[in-house]
Every structure is written in C-alpha cells, then in structure tokens.
Amino acid sequence: MVLSNHERAAVHRTEAGRQLFYWFLKRIVVGPILRVLFRPWTRGLEHLPVKDGAIIAANHLSFIDSIFVPIAVPRPVVYLAKNDYFTRPGVRGSAQRWFLRVTNQLPMDRGGGAGSEDSLRSGLEVLRAGALLGIYPEGTRSPDGKLHRGRTGVARLAIAAGVPVVPAALIGTDAVQPKGRTVPRIRRVGVVFGEPLDFARYEGRSGDRHVLRSVTDEIMYEIMRLSGQEYVDTYAASHKPKLLTADPPDPADPSAPGMPDQPGSDA
C-alpha cells in the first residue's frame with residue numbers, strides 16, 4: 001500500500017509524539033521513581049553503540065526486566081512483545097495496546113510460520129533503522145532461576161541485519177518480583193552489559209541451522225558468564241509444566257520474549 005503525502009506526514013507526527021512520550025516517561029515520570037526506589041546499578045554501558053543498530057540479548061528472570069534495561073540504557077530500546085497483548089478486547093485492551101506502543105514494544109507472533117516471519121521482519125526493520133532491539137533468547141522467563149537454552153531467532157536477526165549482539169545480565173530482578181507476586185519488593189537490581197559479539201563472518205548464512213545454533217550458544221555462554229547463573233541445556237518453556245504444582249502460573253507478561261526458532265532451524 002502506497003501512502004499519500006498527507007498520510008505519511010500523519011504517520012511521522014504519530015511516531016514523533018510516541019517518542020516524545022517515551023522520553024517523558026523515562027526521564028520525568030517512571031525513571032526517577034524507579035531510581036529512587038530500586039537504586040539500579042549498571043556496568044558495561046561503554047559496550048553499547050552510541051548510534052547504529054544492535055541487539056541487547058539478556059537473561060529473563062522477572063516481569064520487570066523490560067523496565068530496567070531501558071532505564072539503564074541512554075538510547076531507546078525497542079522490545080518485541082507477545083502478540084496476545086495487542087489483541088485483547090475492551091477498554092483495558094485498548095489501554096494496554098496504547099501503553100505497549102508508547103513504551104517501544106512491538107507485537108510478536110510466537111506460533112511459527114508466517115506470523116513469526118512477520119515478527120522477524122519487524123525486528124529487522126528496527127535494526128536496519130539503526131535502533132536497539134531487546135530480546136530474551138530463552139523465549140520466556142526462567143521458571144527456576146537458571147539460564148536455559150536459547151532460541152535461535154536472536155541469531156537469525158543478528159546475521160540477517162548484520163548487527164552486533166550485546167549480551168546482558170539482569171541481577172536481582174527475580175528477588176524484586178518473583179512469579180506470582182503482584183507488588184514488587186524494594187531491592188537493588190543491576191544490569192551488566194558485556195562486550196559486543198560480532199557475527200559478520202556468517203553473513204548470508206541466516207538460514208543455516210547449524211550456524212544459528214552455534215551463534216545462539218555463544219550468546220548464551222556470554223550471558224551465563226555475566227549473570228553467574230547455572231546453565232541448563234533445555235528450553236525454559238519445557239520446564240514450566242513440571243513446576244506448576246510448586247509455583248503459580250505466570251501472570252500476564254508484557255515483557256518481550258526472545259524470537260522463536262523458525263521451522264527447521266533447530267530441534
């Protein structure tokens with residue numbers, strides 16, 4: 001569909017207004033409150049590019065992870081959020097969609113097939129526009145505090161976009177808001193950024209499942225090293241049914257999971 005000049009101008013005005021509101025929340029409203037309450041500390045900010053696109057690939061311990069990374073990073077960070085949160089009906093659904101949009105979150109289909117390919121393209125557009133894209137390679141929050149096997153979507157995006165991956169570790173967010181807890185506890189949290197990983201040597205091989213697994217494992221190793229978590233070579237989602245009797249089901253989670261494996265990319 002080709003937009004008219006009037007329609008393009010309206011899109012630009014909407015985007016400008018959204019970015020202005022994002023900065024207002026970060027600098028004036030939410031950011032200062034979080035800094036006072038949780039006194040977040042950061043290390044390794046020098047590893048993030050000053051401009052240009054990059055992926056921030058982090059562990060995922062808590063609902064609030066997607067709040068503390070953007071607070072720590074001077075530049076805006078765009079996240080891919082579950083598509084379900086953009087399709088809920090009613091007033092509450094409309095309010096949720098608005099909030100996700102103004103906080104730089106995009107819908108992501110985790111069901112595989114055409115929907116997941118569309119989500120991948122959305123991530124590529126963000127990266128090719130020179131922005132930062134936040135991803136949780138585990139695909140969901142850790143059910144047991146351990147670091148689980150990464151989904152290969154992060155590797156596909158990095159290779160296809162030709163951007164570096166900055167590994168990151170969130171520290172202590174699971175103590176602030178563990179699964180099943182609605183009101184956060186007041187605790188200090190930290191975010192550690194590692195040196196960027198360059199996968200330019202794999203240019204043109206974003207469809208090679210062996211390359212994707214190797215790249216993903218390299219990213220997960222760096223996250224493990226930064227976070228100090230025990231690594232488990234199984235997907236986090238496969239552990240959730242086993243823990244339901246000991247842990248309440250996840251509440252609604254608008255934080256962004258990692259890109260899913262694409263069909264045929266990895267077992």
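Remember, it's a predicted structure, so these values are computed and weren't measured experimentally.
Val36 and Ile186 end up in different hydrophobic clusters when Ile, Leu, Val, Met, Phe, Trp and Tyr side chains are linked at under 4.5 Å. Following chains of ILVMFWY side-chain contacts shorter than 4.5 Å, one can reach Leu37 starting from Val29, so the two form part of one hydrophobic cluster. Hydrophobic clustering (side-chain heavy atoms under 4.5 Å, transitive across Ile, Leu, Val, Met, Phe, Trp, Tyr) groups Leu157 together with Val211. Follow the hydrophobic side-chain contacts under 4.5 Å out from Ile71 and you reach Phe63 in the same cluster. Cluster annotation: Val215 and Leu127 are assigned to the same hydrophobic cluster (Ile/Leu/Val/Met/Phe/Trp/Tyr, side-chain heavy-atom contacts under 4.5 Å, transitive).
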Starting from the C-alpha separation in whole Å, work towards a yes-or-no answer on side-chain contact (heavy atoms from CB on, under 4.5 Å) for Leu147 and Ile223. CA-CA 8 Å; Leu147 186 69; Ile223 295 174; 3.9 Å; yes
Step by step, work out the side-chain contact (heavy atoms from CB on, under 4.5 Å) result for Glu230 and Lys146. CA-CA 5 Å; Glu230 179 184 345; Lys146 299 175 183 178; 3.6 Å; yes
Let's go through Ser206 and Asp208 carefully: what are the C-alpha distance in whole Å and the side-chain angles of both, what is the deciding distance for side-chain hydrogen bond (donor to acceptor under 3.5 Å, both in side chains) to 0.1 Å, and is it a yes or a no? CA-CA 6 Å; Ser206 62; Asp208 186 325; over 6 Å; no
Are Leu212 and Ile159 close enough, and set up right, to give a side-chain contact (heavy atoms from CB on, under 4.5 Å), and what steps lead you there? CA-CA 9 Å; Leu212 296 180; Ile159 296 171; 4.1 Å; yes
Checking side-chain contact (heavy atoms from CB on, under 4.5 Å) for the pair Ile55/Val163: CA distance, chi angles, key distance, verdict? CA-CA 7 Å; Ile55 294 171; Val163 298; 4.1 Å; yes
Does Asn59 form a side-chain hydrogen bond (donor to acceptor under 3.5 Å, both in side chains) with Glu138? I'd like the steps, not just the answer. CA-CA 7 Å; Asn59 59 336; Glu138 291 170 277; over 6 Å; no
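Taking the ring axis of Tyr235 as reference, the NZ or CZ atom of Arg151 stays within 45° of it and closer than 6.0 Å to the ring centre.
Residues Pro137 and Thr152 are not in side-chain contact: their nearest non-hydrogen atoms beyond the backbone lie 4.5 Å or more apart. When side chains are defined from C-beta on, Phe193 counts as touching Val73, because their heavy atoms get closer than 4.5 Å. With contacts defined as side-chain heavy-atom distances shorter than 4.5 Å, the pair Pro74/Leu45 qualifies. Side-chain contact between Leu34 and Ile67 is present, with at least one heavy-atom pair separated by less than 4.5 Å. Between His148 and Met220, every side-chain heavy-atom pair lies at or beyond the 4.5 Å cut-off. Inter-residue side-chain proximity for Val189 and Ile171 is flagged as unmet; no heavy-atom pair is nearer than 4.5 Å. At least one side-chain heavy atom of Arg75 sits less than 4.5 Å from a side-chain heavy atom of Leu132. The shortest side-chain heavy-atom distance between Val192 and Thr42 does not fall under the 4.5 Å cut-off.
The distance from the CG atom of Leu61 to the OG atom of Ser227 is 7.5 Å, given to the nearest 0.5 Å. The line from OG of Ser142 to CG of Leu170 is 12.0 Å long, rounded to the nearest 0.5 Å. Here the CD1-CG distance, from Ile135 to Leu133, works out to 4.5 Å after rounding to the nearest 0.5 Å.
Within a 6.0 Å sphere centred on CD of Glu203, other residues, nucleotides and ligands contribute 12 heavy atoms or fewer. Dense packing is recorded around OH of Tyr231, with more than 12 heavy atoms of other residues, nucleotides or ligands lying under 6.0 Å away.
The minimum heavy-atom distance between Arg149 and Asp233, with the atom names listed, is NE-OD1, 3.2 Å. For Ala237 against Thr140, the heavy-atom pair with the smallest separation is N-CG2, 4.0 Å. For Ala57 against Val154, the heavy-atom pair with the smallest separation is CB-CG2, 4.3 Å.
Tyr79 contributes no side-chain N or O that, together with a main-chain N or O of Tyr136, makes up a donor-acceptor pair within less than 3.5 Å. Side-chain atoms of Ser62 come within 3.5 Å of backbone atoms of Gln177 as a donor-acceptor pair (strictly under, hydrogens ignored). For Arg188 (side chain) and Arg39 (main-chain N/O), a donor-acceptor pair under 3.5 Å exists by modelled atom type. For the pair Arg185 (side chain) and Arg187 (backbone), a donor-acceptor distance under 3.5 Å is absent. With hydrogens and angles disregarded, no donor-acceptor distance shorter than 3.5 Å links the side chain of Ser214 to the backbone of His210. Listed for the Lys26 side chain is a donor-acceptor partner under 3.5 Å among the backbone atoms of Pro70.
Ring geometry, Phe38 versus Phe68: the interplanar angle exceeds 60°, so the pair is classed perpendicular (tilted spans 30 to 60°).
Applying the side-chain contact (heavy atoms from CB on, under 4.5 Å) test between Pro167 and each of Glu218, Glu222, His47 identifies Glu222 as the sole match.
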